[in-house]
Trainee: 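Next up is a structure, given as structure tokens.
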Amino acid sequence: MLSLPDPQSAAEWCLQQRAQNKTIGYVPTMGALHRGHLSLVERAVSENDITCVSIFVNPLQFNRSDDLQKYPRDMERDIALLESGGCDMLYSGTLAQFFPQEADTEALIEKFQHASNEELSVANRCDALHGLESEFRPRHLHGVWAIVERLFTTVGPCTAYFGEKDFQQTLVVKELAKQFTDINVVVCPTIREASGVAMSSRNSHLSDEQMHTAAKLYQSLLEAKKAWHAGVRAASELETIMRTQLDDANIRVEYVAVRDETAWRESSPDFTANDSTQHARALVAAYVGEIRLIDNIRLE
Ligand code: AMP
């Protein structure tokens, strides 16, 4: 596996590959890789001539600097995992390299930590930048938009693989990809521990007992799904079912929500119309100890 230190050399390498008519599969990550990431790599390897992965802990998507500092990092282990996973090229870079036109990257970080969603240049480009994650982690998805725009510009035409675990992020990224020619976004299923806990780099901060508690998030989503299959269609009723489960486990909930994937901003979607049931999704964000976890499932 080739390891490139900056986006400029990665862009050149990708150009050379396409000049040889090779298709590129691309998996953007923040590292501290787990089986969830590796499932995206595996899919990219199986569907493309070559696969490239980026590892960059993007400071613009952390609205708290302590969270950024504590984010797990293990480059050596990541490189070994990617090599055995069949990745052809890994690249990274610094914020200054991704944003060469910004004279002061510290000021850029400051802006993404303190501005209102509306003040950011990427603000409100699409419905998915509103509500849920954007309400509770202001500027987070705007920071995702800003970096993924750079990552896509670096790699160019490709098929890019994202995890359904970060569902709202996949909506944002699909919208962003429309600005590019020939960037195809593929959303891959959430990989879980046997207990049902969605794999996440942040899980490394949880104790065994906390991992046990974290399984309640998935259980609450399954309860909502069970009620859905029993005929419950009112978003508020489904949300109460989830919240009760989490309250009973003493989990600090940020949000539980049932949304129509195609009408993101509706907070109480009407699922009585025939074709909207396919798009019903239950989502949760909650704290186990100090660690914020998110998860979601399709209800139909
Ligand atoms: P991250 O390193 O957290 O930015 O994640 C990089 C990519 O891996 C994103 O597209 C995530 O949605 C995806 N991902 C993270 N966890 C999982 C998981 N448990 N299953 C599938 N994909 C995941």
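Numbering of ligands and ligand atoms starts at 1, following listing order. Nothing here was measured: the structure is a model prediction, and the numbers come from that model.
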Trainee: Could you give me the CA-CA distance, side-chain angles and deciding distance for E254 and R292, then say whether salt bridge (charged side-chain N to carboxylate O under 4.0 Å, His left out) is met?
Mentor: CA-CA 9 Å; E254 244 183 13; R292 183 179 188 274; 2.6 Å; yes
Trainee: Would the W13 and Y91 ring centres measure less than 6.0 Å apart?
Mentor: no
Trainee: Could you pull out every donor-acceptor pair under 3.5 Å between side chains of residues 98-105 and any protein atom, sequence neighbours left out?
Mentor:
from, atom 1, to, atom 2, distance (Å)
Q101, OE1, R150, NH1, 3.2
D104, OD1, E106, N, 3.1
D104, OD1, A107, N, 3.1

Trainee: Given the ring of Y71, does R202 sit roughly above its face, with NZ or CZ under 6.0 Å from the centre of the six-membered ring and within 45° of the axis?
Mentor: no
Trainee: List of N/O pairs, ligand 1 versus protein, all under 3.5 Å?
Mentor:
from, atom 1, to, atom 2, distance (Å)
ligand 1, 2 (O), M30, N, 2.9
ligand 1, 2 (O), H37, NE2, 2.8
ligand 1, 5 (O), H37, NE2, 3.4
ligand 1, 10 (O), G163, N, 2.9
ligand 1, 12 (O), G163, N, 3.2
ligand 1, 12 (O), G163, O, 3.2
ligand 1, 12 (O), D166, OD2, 2.6
ligand 1, 16 (N), M199, O, 3.3
ligand 1, 19 (N), I191, O, 3.0
ligand 1, 19 (N), M199, N, 3.4
ligand 1, 19 (N), M199, O, 2.8
ligand 1, 20 (N), I191, N, 2.9

Trainee: Between T51 and Y26, is any side-chain donor less than 3.5 angstrom from a side-chain acceptor?
Mentor: no
Trainee: Report yes or no: is the cationic atom of R43 (NZ for Lys, CZ for Arg) closer than 6.0 Å to the six-membered ring centre of Y161, at no more than 45° off its axis?
Mentor: no
